[in-house]
> 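Okay, handing you the structure first.
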Protein chains: 2
Amino acid sequence: MPTLDEVARMAGVSRATASRAINGGSRVSAKAAEAVAEAVRTLGYTPNPAARSLVTRRTDSVAMVIPEADERVFADPFFARTLRIVTRALSARDLQVVLLIARPGDEEERLLRYLRGGHIDGAIVVSSHRSDLLADHVADLGLPAAFVGRPWTGAHRVSYADTDNFAGAREVTQVLIDRGCRRIGTITGPADMSAGADRVAGWRAALDAASLAADAVVEGDFTEDGGEAACEILLGRHPDIDGLMVASDLMAAGALRTLERAGRRVPDDVAVVGYDDLGIAERTTPPLTTVKNPIGDMAEEAARLLLAQLDGTTTIPRRVVFAPELVRRTSA
Amino acid sequence: MPTLDEVARMAGVSRATASRAINGGSRVSAKAAEAVAEAVRTLGYTPNPAARSLVTRRTDSVAMVIPEADERVFADPFFARTLRIVTRALSARDLQVVLLIARPGDEEERLLRYLRGGHIDGAIVVSSHRSDLLADHVADLGLPAAFVGRPWTGAHRVSYADTDNFAGAREVTQVLIDRGCRRIGTITGPADMSAGADRVAGWRAALDAASLAADAVVEGDFTEDGGEAACEILLGRHPDIDGLMVASDLMAAGALRTLERAGRRVPDDVAVVGYDDLGIAERTTPPLTTVKNPIGDMAEEAARLLLAQLDGTTTIPRRVVFAPELVRRTSA
DNA sequence: CGTGATTGTGGGAGCGCTTCCACCAGAATG
DNA sequence: CATTCTGGTGGAAGCGCTCCCACAATCACG
C-alpha cells in the first residue's frame, strides 16, 4: 500500500502539500496539484482511513441500528425497504452504512459501547419498543442520530421521521363503518411498539365516534402466522364479527387464511382492512384495502435529518410526520 | 473521551501494561490487571478504533457486497435472508458488517477503491453476474473473501458456497415429466446469472433425457411482474403447454396469475413448479411444488469460509456446494 | 550462592495522516 | 523604496494505540 509520503516524494512536494492537494486543494498551486494527482494515479494511492480518522475524528460511516430479535427483522419487508433507502441516501454522500442488529436487552450494552466508541459519526435507528431506551441513550451520548418511527421513550430528545399511525388507522376503520360493518374487531401490533399502540388507538377512536363497541381486540406480533392465530382467537371470542381492521398487511394475510378456513367470505361476511401496503396487500385474495405507510418518505427524511446534524446545520431535535394514504381494494 | 494514557495513569501502570491488560492480558500480573479493569470501568474507557486499526492493520469489520441495481435488491427475499444470516454469523465474532450496494458498472470503480482502501478486513460477495468481474478483482487484491453463489467469472480463484442449481432444476422438472406432462416450458432467470443459467440447463437436461422438446423458453428477471409477463409470452407462443418450470417462486407467483387469467387450471391444465421455497411458495394458490434453495446453509458457509481466511487458517480457495431439496405441494 | 530461565514492566518508536505555524517569494500599497 | 498583504510551501507536532525491546525482579536448580 502506497503512503502519502511516497506520493509526495514522487510529486516532488512535501507531505503537507500533497495532503492539501488531495483534500479540497485550496492553497495549492495548479502545478503542484497536477503533479500530486499524477502521482496518485500511477501509484494507485488510497488514503488510509484509520490514519485519517485518527486525526480528523470522523469516520465517514453511519450505523443503521435495528434493535430486534433477528428472526423477526427481515420477515417484514419494512426493514429491508428502510435499509435500502437509507443506504442509498447516505452513500450519495459517501457515507458507509454499518449494519447493527442487536437483540434488545441481551446485546444492548455491546451496542452502546459500539455507538460510544467512535466507530461511526452518527446513527439511524429503527426502534420504537417501550422497553428500549435507545433514544435516551443516544441523546445522552450526544451522538448525531435520527429515528425511523417515533421512539416510545425519549421521543422529544431526538430527531425522528414518522407517519400518523393514529389517523391512518382511524381512516381505514372508517371504511369498514361506512360500508355498514357494525361489529368491528382488530388484530393489533405488539402493544409495546408505538406503531402498534397508535393504530389500536385510531381504531378505537373511529369506533367511539360511531358509538360502536370497541372490545374485540387481540394482540398480534406483526407476523403472518401471528395474524392467523390471532384471527382464530378473535373468531372464537366474537363469532359475530363483520369487520376486521388488522394492524399490518402481513398479519392480515394470515387472518385471511383463517377466515377462509372458517368459511367466512371476504368482504361479504367479514370485511377486512390492513395496514402498510408494501406489496403484499395486492397479492392476497382478495386484495387488501389498506393504508399506505410512507416508509420511503420516512427513511429518506431520517437520512436528511441525520445529515443535517452531521453538517452541524442544526442540533435541536426535529420531528417530521408524513400523512398516511388510504388504498382501496376489494377486501372492504 | 478518555484515552489509554488516562487509564494507565489512574491504574498506576504504564500505557504498555494497560494495553496488554486490555487485550488478552498475558504477561500481566493479577494486581495490575485488576487495577486497569477498575480504571476502565470508572472512566468508561473505550479503545479508539482508528488508532488501534492504524497499528494492527485490522478493522474488525467486513463488507457485504451486493452488486445489483438497488431497486431489485430487496424485492427478492434472497438478499434480506442472506444479509441477516451473514450478519449474525459474523457479529458472533465481533465483526461488524458494512453494507455495500453498488450498481454494477456505474459505481464499480468506487466499490473497488473501497475494498482496496483498508476499510475492511474481508468481504462477503453476493454476485453471479456475467458482466461483473468482482471475483477476479477480489482475487487480484488478495482480499479475504467468500462468495454466496458461484461467481460467473473467476470462480476458481475465490472461495464460494453454492447450491446445485442444475440438479435441483432437473429434479423438479422430472416431477412434471413423471406426472405425465409432455409439453414443458420454462421461465428462466436472467441469462447472465449463474443461478439462472444453471437452472435452464437442468430443465433442458431433464427434457433431453425424456426425449421431450426443449424449446418453450422465455427469459424472466426474477421478479413477480416479470414472471407474469413472461408467462403471457410463453402462452402466446406455445398454447399447448401442459407443464411449466419457473426458475423462481416469485416469478412463478406471477405466472400463476397469468394462468388464472387465461383460464388454465393448475395443476390440471398446466402443472407448475418453482424454485427457492423462501416462504412465498406456500402462500400462492395453489401452493407451489418447488425446490428448497438452501440459502441459510450457503450464507453460513460463506461466513465460515471468510472467517477461515481471516484467521489465516487457509488461503487456498474452497468451494462448498449444498444439495437442493424437492418440496412437493399441489401445483404439480 | 552463582547461573539461567521466567515473568512482569515501562520506555519509546512508529503506524499514516492532517493541520498549525513559520516562512518566503512576489504583488500591491503607501 | 519601505511596508503590508497575499498565495504557496514545508517542518513538525500529534492524533491514540500496539508492540518491540531492554531491563528488573523473582524463581528453579545444580
Side-chain angles (χ1 to χ4, degrees), chain A residues 1-40 43-61 94 96 113-114 116-121 312, chain B residues 1-40 43-61 94 96 113-114 116-121 312:
Chain A
M1 284 279 89
T3 73
L4 186 59
D5 246 328
E6 302 173 40
V7 171
R9 212 173 312 133
M10 171 173 273
V13 298
S14 74
R15 204 169 60 236
T17 301
S19 175
R20 261 177 255 125
I22 288 168
N23 310 305
S26 77
R27 293 219 175 291
V28 176
S29 66
K31 189 163 55 95
E34 176 48 42
V36 170
E38 172 67 19
V40 165
L43 254 38
Y45 169 75
T46 319
N48 179 314
R52 171 176 283 178
S53 166
L54 185 56
V55 32
T56 61
R57 287 154 185 300
R58 283 184 303 99
T59 62
D60 295 317
S61 57
D94 262 314
Q96 284 308 322
R113 245 199 347 264
Y114 190 86
R116 186 157 21 83
H119 294 85
I120 44 120
D121 298 340
Chain B
M1 285 277 91
T3 73
L4 185 59
D5 248 327
E6 303 173 39
V7 171
R9 211 173 311 134
M10 171 173 273
V13 298
S14 73
R15 202 171 62 238
T17 301
S19 174
R20 259 177 257 123
I22 288 168
N23 310 303
S26 79
R27 293 216 176 292
V28 176
S29 66
K31 188 162 57 89
E34 176 48 42
V36 170
E38 172 66 20
V40 166
L43 254 38
Y45 170 75
T46 320
N48 179 314
R52 171 177 283 178
S53 166
L54 184 56
V55 32
T56 61
R57 287 155 183 301
R58 283 185 302 100
T59 62
D60 296 316
S61 58
D94 262 314
Q96 284 307 324
R113 243 199 347 265
Y114 190 85
R116 188 158 18 83
H119 294 85
I120 44 120
D121 298 339

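In what follows, chains carry the letters A, B, and so on, assigned in the order in which the sequence lines appear, proteins first and then strands, with residues in each chain numbered from 1. What you see is a predicted model; the values in this text were computed from it and never measured.
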> Salt bridge between B:Asp5 and B:Arg15, side-chain N to carboxylate O under 4.0 Å?
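Salt bridge between B:Asp5 and B:Arg15, a charged N being under 4.0 Å from a carboxylate O: yes.
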> At under 4.0 Å, does any side-chain N or O of B:Thr56 touch on OP1 or OP2 of D:dC17?
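No, because none of the side-chain N or O atoms of B:Thr56 sits under 4.0 Å from OP1 or OP2 of D:dC17.
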> Could you check how far CZ of B:Arg9 sits from P of C:dG11, rounded to whole Å?
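These atoms are roughly 12 Å apart.
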> For B:Ala50, answer base if it contacts any base atom (sugar-phosphate contacts may also be present), sugar-phosphate if it contacts only those atoms, and nothing otherwise; contact means non-hydrogen atoms under 4.0 Å.
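Contact class for B:Ala50: none.
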> Using a heavy-atom cut-off of 4.0 Å across all strands, would you classify A:Arg52 as base, sugar-phosphate, or nothing?
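Sugar-phosphate, no base atom in range.
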> What is the distance, to the nearest angstrom, from the CD atom on B:Glu6 to the P atom on D:dC15?
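It works out to 11 Å between those atoms.
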> Of the candidate nucleotides C:dG10, C:dT19, C:dG16, which contains the atom at the shortest distance from the side chain of A:Asn48?
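So the side chain of A:Asn48 is nearest to C:dG16.
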> Checking only heavy atoms, does the side chain of A:Arg57 share a donor-acceptor pair with the base of D:dG16 at less than 3.5 Å?
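It does not, because no donor-acceptor pair links the side chain of A:Arg57 to the base of D:dG16 below 3.5 Å.
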> Do any side-chain nitrogens or oxygens of B:Thr17 fall under 4.0 Å of OP1 or OP2 in C:dG10?
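For B:Thr17, the contact criterion (side-chain N or O under 4.0 Å from OP1 or OP2 of C:dG10) is met.
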> Please report, rounded to the nearest Å, how far the C1' atom of C:dT19 is from the CZ atom of A:Arg58.
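My rounded result for the distance is 13 Å.
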> Which sits closer to the 5' end of DNA chain D, B:Leu54 or B:Ala16, going by the nucleotide each is nearest to?
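Its nucleotide being nearer the 5' end, the pick is B:Leu54.
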> DNA chain D: B:Arg20 or B:Thr46, which has the more 5' nearest nucleotide?
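Whichever sits nearer the 5' end wins; that is B:Thr46.
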> Could you give the CZ-to-P distance, from B:Arg15 to D:dC15, as a whole number of Å?
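For the pair B:Arg15 CZ and D:dC15 P, the rounded distance is 11 Å.
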> From D:dG10, D:dG16, C:dG11, pick the nucleotide closest to the side chain of B:Val55?
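It is D:dG16.
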> C:dT18, OP1 or OP2 - any side-chain N/O from A:Ser19 closer than 4.0 Å?
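It does, given that an N or O in the side chain of A:Ser19 lies less than 4.0 Å from OP1 or OP2 of C:dT18.
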> B:Ser29 side chain: which of D:dT18, C:dG8, C:dC17 is closest?
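Selected nucleotide: C:dG8.
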> How long is the line joining OH of B:Tyr45 and C1' of D:dG16, in whole Å?
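From B:Tyr45 OH to D:dG16 C1': 7 Å.
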> Tell me: CG of A:Asn23 to C1' of C:dT19, nearest whole Å?
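It is 11 Å, rounded to the nearest whole Å.
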> Rounded to whole angstroms, how far apart are CZ on B:Arg27 and C1' on C:dG10?
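Rounded to the whole Å, the gap is 15 Å.
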> As a test of understanding, state which of A:Asp94, A:Ile120, A:Asp121 forms a side chain to side chain contact (heavy atoms under 4.5 Å, CB included) with A:Asp60.
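Single side chain to side chain contact (heavy atoms under 4.5 Å, CB included) partner of A:Asp60 among A:Asp94, A:Ile120, A:Asp121: A:Asp121.
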> Measuring from the side chain of A:Pro47 (C-beta onward, heavy atoms only), which nucleotide among D:dC19, C:dC17, D:dG16 has the closest atom?
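Nearest nucleotide to the side chain: C:dC17.
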